[in-house]
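Since the structure is predicted, the reported quantities are computational estimates derived from the model, not experimental observations.
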Amino acid sequence: MSLESVRAFLAEKAPELTIIELETSTATVALAAEAHGVEPGRIAKTLAFRVGEQNLLVVARGDARIDNRKFKEAFGAKAKMLDAETVQALTSHPVGGVCPFGLATPLPVYCDLSLQAFDEVVPAAGAIHSAVRIAPQHMAELVAAQWVDVCQEPA
């Protein structure tokens with residue numbers, strides 16, 4: 001269902017994008033970077049958090065880590081990562097395939113400024129073996145994301 005919800009979302013909003021489906025798992029940043037032949041930073045990972053009473057998604061470069069101080073400054077509260085079961089229930093995507101497209105539940109999406117270091121990033125597409133190649137700005141526009149600065153500088 002999840003890959004299909006992403007397929008339907010992209011068919012409606014960005015028909016020029018092609019979903020890349022691979023035989024190998026791309027469920028981690030390292031696996032995805034190797035499979036797509038890109039540096040880990042280009043993998044756009046989607047993380048799900050609960051802040052107060054609200055659930056939200058943050059899309060960040062694959063080699064970035066959340067900076068708790070910056071996150072609290074941006075959202076006014078400490079971040080609590082959601083568990084895999086809750087993430088799948090909210091997004092319809094399994095962990096490793098989570099992306100901001102084709103969500104089961106409307107969620108606010110935020111893109112970390114770290115993505116702007118690249119002209120193209122590779123987020124998952126709703127399954128652990130699927131992805132798309134997209135400009136970060138275009139991704140943000142498609143999902144009505146706001147830009148935030150919540151990650152540490154990659155090492």
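With no hydrogens or angles considered, a side-chain donor-acceptor pair links H138 and E16 at under 3.5 Å.
Remark: side-chain polar atoms of S25 are not paired, donor with acceptor, to backbone N or O of H129 under 3.5 angstrom. Not a single donor-acceptor pair under 3.5 Å links the side chain of K80 to the backbone N or O of R50. Under a 3.5 Å cut-off, the side chain of D112 and the backbone N or O of V150 do form a donor-acceptor pair. Side-chain N or O atoms of T105 include one that pairs as donor or acceptor with a backbone N or O of L90 at under 3.5 Å. A donor-acceptor contact shorter than 3.5 Å is absent between the side chain of T86 and the backbone of L82. Counting only distance, with no hydrogens or angles, the side chain of K45 and the backbone of A64 share a donor-acceptor pair below 3.5 Å. Under a 3.5 Å cut-off, the side chain of R42 and the backbone N or O of E120 do form a donor-acceptor pair.
For the pair T18/R133, no side-chain contact is recorded, criterion being any heavy-atom separation below 4.5 Å from C-beta on. In this structure the side chain of S2 never reaches within 4.5 angstrom of the side chain of F101, judged on heavy atoms. With contacts defined as side-chain heavy-atom distances shorter than 4.5 Å, the pair I43/V38 qualifies. The closest side-chain heavy-atom distance from R61 to C151 is not below 4.5 Å. At least one side-chain heavy atom of F71 sits under 4.5 Å from a side-chain heavy atom of V51. Annotation: side chain of Y110 is not in contact with side chain of L57 (no heavy-atom distance under 4.5 Å). Contact annotation: the side chain of V121 approaches that of I134 to within less than 4.5 Å [non-hydrogen atoms, C-beta and beyond]. Contact check for S114 versus Q152: no side-chain heavy atoms found under the 4.5 Å cut-off.
If you take NZ on K72 and CG on D67, they are separated by 12.5 Å, rounding to the nearest 0.5 Å. To the nearest 0.5 Å, atoms CD (Q146) and CG (L56) are separated by 10.5 Å. A distance of 4.5 Å separates NE2 in H36 from CG in L22, rounded to the nearest 0.5 Å.
There is no path of hydrophobic side-chain contacts, each under 4.5 Å, that joins I128 to V98. Follow the hydrophobic side-chain contacts under 4.5 Å out from L115 and you reach L107 in the same cluster. Hydrophobic clustering keeps V95 apart from M81 (ILVMFWY residues linked when any side-chain heavy atoms are closer than 4.5 Å, directly or through intermediates). Cluster annotation: V109 is not connected to L47 through the hydrophobic network of ILVMFWY side chains, with a link wherever side-chain heavy atoms come within less than 4.5 Å. V29 and I20 fall into different hydrophobic clusters, where Ile, Leu, Val, Met, Phe, Trp and Tyr residues are linked whenever their side-chain heavy atoms come under 4.5 Å apart, directly or through other members.
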Exercise. Going through the distances and angles, do K13 and V143 end up as a side chain to side chain contact (heavy atoms under 4.5 Å, CB included)?
Worked result: CA-CA 9 Å; K13 303 210 183 262; V143 298; over 6 Å; no
For this session: Apply salt bridge (charged side-chain N to carboxylate O under 4.0 Å, His left out) to the pair E21 and R7, showing each step before the final yes or no.
Result: CA-CA 11 Å; E21 293 183 74; R7 200 179 307 282; 3.2 Å; yes
Exercise. Side chain to side chain contact (heavy atoms under 4.5 Å, CB included) between Q137 and W147: does it pass, once the steps are laid out?
Worked result: CA-CA 10 Å; Q137 191 62 42; W147 289 96; 3.7 Å; yes
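Side-chain rings of F49 and F75 stay apart, their centers remaining 6.0 Å or farther from each other.
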